[in-house]
Each structure stands twice: as structure tokens, then as C-alpha cells.
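The figures that follow rest on heavy atoms only: side chains count, while hydrogens, waters and symmetry mates do not. Per chain, numbering begins at 1; letters A, B, ... match sequence-line order.
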Amino acid sequence: MTTPPYKHLYLVDGSGYIFRAYFAIPPRSTADGRPVNATFGFTNMLIKLLRDSDADGIAVIFDKSGKTFRNEIYPEYKAHRPEAPEDLVPQFAAIREATKAFNLPCIEMEGYEADDLIATYARQAKEAGIEVTVVSSDKDLMQLVDGGIAMLDPMKDKTIGPDEVMEKFGVAPEKVIDVQALAGDSTDNVPGVPGIGIKTAAQLINEYGDLESLLERAGEIKQNKRREKLIENAELARVSKKLVTLERYAPVTEGIEGFALRQPEPETLRAFLELYEFRSLLRRLSDQLGDEVPAEATPVPAAPGEANYELVQDLAALERWVAAAQKRGVLAVDTETTSLDAVAAELVGVSLSTEAGKACYVPLAHKGDAPADGGLDLEGGGAEAPKQIPLDQAIAALKPLLEDPGVLKVGQNIKYDMLIFARQGIDVAPIDDTMLLSYVVEGGLHGHGMDDLAQIHLDYQTIKFKDVAGSGKNQVTFDHVPLEKALDYAAEDADITLRLHQVLKPRLVADRLTTVYETIERPLVPVLAAMELTGIKVDRDTLRRMSNDFATRIGELEVAIHKLAGRPFTIGSPKQLGEILFDEMSLPGGKKGKSGAYATGADILQGLAAQGHDLPARVLDWRQLAKLKSTYTDALQTQINEETGRVHTSYSQAVASTGRLSSNDPNLQNIPIRTEEGRKIRTAFVAEKGHVLLSVDYSQIELRLTAEIAEVEALKQAFHDGQDIHAITAAQVFGIPVEGMDPMTRRKAKAINFGIIYGISAFGLAQNLGIPQGEARDYIAAYFERYPGIRGYMDRTKALAGEQGFVTTLFGRKIHVPGIKDKNPARRSFSERAAINAPIQGTAADIIKRAMIRVPPALDKAGLKARMLLQVHDELLFEVPEGEVEETSAVVREVMENACAPALELSVPLVADAGTGANWAEAH
DNA sequence: GTGTTCACG
DNA sequence: GACGTACGTGAACACC
């Protein structure tokens, strides 16, 4: 054999990849309806491989349909494989076309699986001294891994070597087939030995060396069941081993010398990309394709990025755009600023789009070019600033348009732009938000940032902010971006937003989600904007004093901890701490997690502390103080806005899959309360002079909704009677009178009640209560016995989620649960629990959102001046003039308790409790 | 950029 | 019997 002229051969498992890509990538199709998601993924992967790897030899290997030699050994092999989904079938041919379009060899062979051909070529290449990488994540190929052969998981971009194989199978690669022979494989219908899984198999192989030795000496095994099974099924194990062993000497006809990398023919490649309408890939490969993207691939209107955008630098031009928008009635708007913090940001420019492919950018505060030498230049303008419309004139021209009730303003995360405009005296309305449309229609399926949405719905890769403004220490604010670049980027954003609106808005009706969007998400936007703009007053001195106090105590603890350890180390490093505790001090219970590090979480340290060890106890104290200082008392001081003296969080309305809000920069939804020490931080959140803080929160809302949704009559009755719900649960489940109940009994019932909301598991409950799993199992059984409605709800919900891929709240919000069909049982169970929790958490989120929308007008109508400041999932915080507390409290409670009406009437009452004080600690 | 830890509901 | 576990978040930090 001649030595092939390359060094590193990549063998791509084409059939394996396409299955994974099909399930991992959301459905997409060409204009005439041909499904292409897996083909797109495959093509993308090839481009990435060609671009990023050192491959100078590549072959793509496929399964050939039909029987293989394994069916002669064991007719049932792969007999239970379900048919491929119908929208995957046509893609099998398409990825072979893709392979050929890139001028790569396409290998398949009657009677052999792709895995056997890969094994054969890998062996041949290795013998010829060529490095081999098998591109696949199929565990069946892991047996090939050795010094010269590695695997690459193309979707996770993770290299799999002997260590990763060890992690997966618990044995070295050459023993993998022995483990597989014992454990079997239900998806391929490899029988294995009943009752033995990978864990047990690995343990046995490690103990006895290999399968044959194990089977010969099976009589020595102590566990009765295991010994019998092994003896009884020895032959089955041997057959299984034959099934899982890859054929390394398949009679292949193509030689590896033919796998040297060749350049693709530009015409062939282009024809392929056009046929499947992979326009973003066409664009990306345009340099390789020799010239510009051909005209026939350019749809009408022009693809984003290829459209002709207008730079608007005088008032007359801006007025033409205003008139065009008035005429159309729809306008996409986007602002460019100097900061992601809308309350601190300076307006730099505005972009507008009135129809797809037609957009402009109006620069308003761009500086001249930065000096090339990077020298000191405080104005940032070495050159004169470019021609721009004066800000006040532009605002005056835009205001009537942005406030025109007859013109719909469309934005991507328009709350941000509304805040920027609000600070310029413009009250933007009416609005639509493409981010929220996507959130309502496809929540749970993917992120809702513009880059994601452009890729998914428009097959377009947006220009990245980094590409125009740089990154890291070279990053500049947008006012320093040259106008040409700024135009491309900013106008594109408005263009894309308008196009996304055209795609997503009709989906509301089609998917019956109009009500959720129109009555919850859209009206909430201005409410959140007002809360963010208001902010909450934070007392810097209180925080500073606390930081100083923490610093002293942290320092003292550090000295003590280092002394106990016998040497200094970084206490904040879990890795170093683990080594100190379990290697150097040899404390018991050192357990390594999957990353190979010792676990040092609070539960572990508490266990050690309880055994009388001082160091872990001190580390717990240190961690608490370090957390409070770095995350709260230090960080919050830096978040106080210079101008307002208040802290302005930002609420994300499209992040949490259940419909909840999230809070960031800073997160004001996780300010400490559970420990005395942490709770003090809340005293720094204060009311303006002459005001107090009012906190109103829903009592047990999720448990009430669980009783409602799962129709648990006994719990509903308890809520009607206003009883202590956890005590009642304990009484009914454990049969103990409420009078004189042991607090531990009530605690257990409380844990079960919470567990139910989370999609209970015996493991989780046991963990939470620190009891054996068996005991937890008994409690759950007793609970289900007493409240059978709960089990019915759980089973129904799992089934429904499986059938339709989503669950719904009482208000019709859809929450997608993509992992519900996962064949990995751990991931599937995870999704099942999420599916059980989502309608409960999501309905609670819907309810408080409805309340938030109604509170401001209700206060207004009552002539009250209170301002809503924060939302913390089941709590609303207000700043109230001292004389209006009682009235405000009554109005807010009224709105919150009746927030379901008139859309829905619950059979359990909702109760909202109020508290007031000079600061948040007192009010809550 | 990822994983661990820990703050909240 | 095994998978690896309670649901939903965001931030800081260490470490690669």
C-alpha cells in the first residue's frame, strides 16, 4: 500500500450525525416545504470541520439500509428500532448530496454498518502511521479509542479520549465491548445479561479482567441473583459481545489513499446550497465561491445585509421617513446607545424600518474618529464629529410618530428603547415586541435574542455588536463607531425586527396565543419600564458599614482557617478546599463529582461540621460572609445610579421558561432574607423621605394553585377554612391531630408539599429532609393515598407533555418541554418534573403579571400616589406617601386577590398579606 | 467559557 | 436495575 499523502484523517459518522442533528435542531424547511433541519446541521458541521480542524484527509461514512451480518448472529438485532420520522427520511439522500458537494468521499457498503467501515479505515490509517479522529458521539465507537485514534463529538465540540471513555464506561477503551456485552443496549436490542447495567458491568470487568474470565469464574460471585443470572445467560453475553464488536476487517473496496482532502468545485457547492436555500451559508462561503452571491439567490426583498440602507443626516430626510411610517402604520424602531443599562445610557442614534429591506439609521451623537495612535484624548474625537441632525430637532420630529396611536412601533426588546425615549420625553405607544412574540409562541424551545430569531426564522446571521464595536479592552461605545459601520449594523437591526414581526405576529392567531400576548405580556411592558425607571432608593452608608464589618470578620476567619489547615490556601477555591479537607486532613466522605473534583457544597461541609470538625464550620461562615459582601454589600454600592441615587434593576420578560420574570443588573429578586445576617442587607433598601415601603405578597400561591389544578378537595377545603396548610397536610397524611403536633412532623409535611410542586422524587425529598430514601418513599405513598388527585395530575401532565411537547397554564400560556421525549432517562425525568411544575409556577406568574398591569390604574383611579418598585415572584413592593399607606394597601390587596377575574374563577381563595416599614426588612 | 457555589421564590 | 435527581432564576469566583 502506498502511504497516503496526509497526516490526519477524519472519519465522519454521517448516519449517526444526521439522527442527532434531526432531534437537536428545530424544524426548518425550504420555501416549497422540503424539511432540511438535519441537512442544514450536517452542512454546517462539515464547514466547521473544514475550517477549524487540521484535517487533511476526510471520509464520510454511512449505514446502508438492510440486514447486516449481525442479523445472522442474532435475528432480533435492532429489531425494535422505530421507523425514522417521515421528515427525516428525505434528508438521508440530502446529506449524501452535501457530502458530494464538498467533494468528500461518501462511503457505504452492503451488509456492514457505518461503524464497521469506520473501524476498518481507522485500523488501516493507524497502521499507516496516520492520526485518526472519528467524528461521532456514538458510544458504540468508543471501543476504537486508543493512542492514535480519538473521537470528536461534533455537536458538543468535545474530544473523546481514553479518559472520557473511562468516564462513560468505567473501563479502558479495549474493555468497552466486554462491558457492553454484559450491560446490553436496549436501543439496538442487544440483550446483555438481565439485571446488569453499565455500572455493575464495569465493576465486574475491572474485578475479573475480561468477559471470558468472568463467565468462567461466575460461580465465585457472592450476590445470589447476580451469580445465577450470569451463569444462566453466559451464552447471551457471548452473543452480545459479537454484536457489539466492530468489524475491523470489513472487505472495503475504497482505499484510504483516496481520502486526501480535495477542494470543492465552487459551482457544485453553490448549486447545492441554493437548492436547499442555505442562504446564510452561501454568504459565509462567498469568498470560497469566488464571487458575489448570484442574483437568483437574492430573494425579493433583498436579504438582510444586502439591502441598501440609508444614512439620515438631515432633517428633511428624517421627515420623509416619518411620513412613510405614518402612511404605512407600522414601523420597526431600534436605538443605539452607550450602555446596556437603559437608565444610564446616552442615546447615540435611532434606526427605523418601514418595510422589509428598507431601513435607515439616524446618527445623533456620534463622535469623530478616535485618534489612531490611541493617545490621550478625553473627547474621543481626534477628528471633527460627523454631520448629524441636532438631537432636540430629531426628537421633536420623532415624537409625534412614536406617540401616534395609529402607528404600531415594533421593537426587539422594545422596553429598552421605550426607556431611552422616555428619558427624552417620548412615550412610545402602541407597541409590539418580537422578543415577546417569540417568547409567547415558542417559549421553552430556544432563546429569544435577535441573533437566535434571525437564524431560526430568517436563516440569517446578524452582524455582531463585537464586529462593529470590538471586544475586550478594544471595545468602544457606539458613539465611537464610524458611521458606515454603524449604518450597516443599526439599520440591519430595524430591518430584521420588521421581518421577524411579519413572521411571528401571525403565529399568535395560528397557535391560539393572542390572549396571553395581548392581555399579559404586551401590556406589562410599559409597567416594567416604569418600575425600572423609578428604581429603589438604597442607602450607601448602610452598605458601606456592612462591607467593612464583613471585611474584618472575613479576615479573622481566614487567619483561623489557614491555621487549622496548616498552610495558606485559597478558601474560595472548591478544588483547593477539597484537597485540604479530604487529602491533607483525611476527613471522611470525600466524594468526587463527574468533573473529578471533591464536592464541597454547604450540605457536605455541614455534615463535617456536625461531626465536630472546626475547619469546615469556619469555611461555612467564611462563605456566607464572602457571598454577602461580594454579591450584595459591595456590588450594590456600585449599582447606585449617580443621577437618581437609586438602584434600577432590569427585568427580563423572555428568559424564564415558565413565564416568570427575572431580574438582573443587579438581581433584586434574590436579596437575602433567610438568615438573620443576610436579612440586614434589606435595611439598606429604604423609602424616600416622607414615604414608607409597602410589601404585599401572595400567601402560598403555588400550593393553592396546585390544589386547584390537581383538584385536591381536602386541600381546597383547608384553604377555604384559612387553616395552617402544612399542619393540616401532616394531620391528614400521618393521621396525627393538629393540636400539640411535633414541629418536625409539620416540617416533613411542608417539605412534601413543596416537593409536590417540584414534581416530587423520593431522592429529592430524602435529600431535603436528611432522611433515608425508603422513608421518603413511604411519605410520598401516604400522600398519594390521601390525595389521589395529585397523582392523577402528575400522570396526566406527563402524558400530555409527551403528546404535544408543551404544557399550559390556566391562562393558556404554552410552555414547551423539549426534553420530554429524550431517550436518556435522567434527562427525560428532569423534563417530566419540569412539566409538572410549569403549569403551577406559570399560572402564578400569569396571575401576578395580571395584577401588576392593573395596580397602577387602580391607584390612579383612587387618587393615590404610590409607585410600584419591585416584583419578586409572589411579592410587589411599593413606595407610598406616609399618609396613604392604609388606602394603598387596601387597593393593592384587592387587585392582587382578584387578579384572575374575569378570565377565570378559582375554587380556592387567593390571599395577599401586606406589611410596611421604613425599609424592606421591616416591610416584608 | 465552564463549573461550582449560593442568594431568592 | 440504571440513568442522576426536587422546580425556576442570576452573580461571583476559580480555573482552564
Look at the side-chain N and O atoms of [X] and state whether any lies under 4.0 Å from the OP1 or OP2 oxygen of [N].
{"X": "A:Gln841", "N": "C:dT9", "answer": "no"}
{"X": "A:Thr200", "N": "C:dA2", "answer": "yes"}
{"X": "A:Arg660", "N": "C:dG8", "answer": "no"}
{"X": "A:Arg623", "N": "B:dC6", "answer": "yes"}
{"X": "A:Ser663", "N": "C:dT9", "answer": "no"}
{"X": "A:Lys199", "N": "C:dG1", "answer": "no"}
{"X": "A:Thr631", "N": "B:dA7", "answer": "no"}

Select base, sugar-phosphate, or nothing to describe what [X] touches, counting heavy atoms under 4.0 Å on all strands.
{"X": "A:Glu875", "answer": "nothing"}
{"X": "A:Ser652", "answer": "nothing"}
{"X": "A:Ile671", "answer": "sugar-phosphate"}
{"X": "A:Asn670", "answer": "base"}
{"X": "A:Gly572", "answer": "sugar-phosphate"}
{"X": "A:Phe830", "answer": "sugar-phosphate"}
{"X": "A:Ala602", "answer": "sugar-phosphate"}
{"X": "A:Asp874", "answer": "sugar-phosphate"}
{"X": "A:Arg674", "answer": "base"}

Rounded to the nearest angstrom, tell me the gap between atom [atom1] in [X] and atom [atom2] in [N].
{"X": "A:Lys575", "N": "C:dC15", "atom1": "NZ", "atom2": "P", "result": "6 Å"}
{"X": "A:Leu204", "N": "C:dA2", "atom1": "CG", "atom2": "P", "result": "11 Å"}
{"X": "A:Phe169", "N": "C:dA2", "atom1": "CZ", "atom2": "P", "result": "16 Å"}

Side chain of [X], heavy atoms from C-beta onward: which of [options] has the nearest atom to it?
{"X": "A:Lys627", "options": "B:dG9, C:dT9, B:dC6", "answer": "B:dC6"}
{"X": "A:Pro574", "options": "C:dC15, C:dA12, B:dT5", "answer": "B:dT5"}
{"X": "A:Ala826", "options": "C:dG8, B:dT5, C:dC3", "answer": "C:dC3"}
{"X": "A:Asn664", "options": "C:dC15, C:dA12, C:dA11", "answer": "C:dA11"}
{"X": "A:Pro825", "options": "B:dA7, C:dA12, C:dA2", "answer": "C:dA2"}
{"X": "A:Ile760", "options": "C:dG8, C:dA11, C:dA6", "answer": "C:dA6"}

- Task: Please state whether the rings of A:His448 and A:Tyr439 are parallel, tilted or perpendicular, taking 30° and 60° as the class boundaries.
- Result: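 Rings of A:His448 and A:Tyr439: perpendicular, as their planes differ by over 60°.
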- Note on the structure: Per-residue pairing states of DNA chain C in dot-bracket (Watson-Crick or G-U under 3.5 Å; . unpaired, | other strand) read ......|||||||||.
- Using the P atom as the reference point in each nucleotide, state the distance between B:dC6 and C:dA6 in Å, no decimals.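 Nearest-Å result for B:dC6 against C:dA6 at atom P: 14 Å.
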- Query: Expressed in whole Å, how much space separates the P atoms belonging to B:dG3 and C:dT5?
  - Reply: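 To the nearest whole Å, 13 Å.
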In a table with atom names and distances, give each donor-acceptor pair under 3.5 Å that connects a side chain of residues 793-802 of chain A to protein atoms at least two apart or in another chain.
| from | atom 1 | to | atom 2 | distance (Å) |
| --- | --- | --- | --- | --- |
| A:Tyr793 | OH | A:Ile836 | O | 2.8 |
| A:Thr797 | OG1 | A:Tyr793 | O | 2.6 |

- Query: Do NZ/NE/NH1/NH2 and the carboxylate oxygens of A:Glu702 and A:Arg660 come within less than 4.0 Å?
  - Reply: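 A salt bridge links A:Glu702 with A:Arg660.
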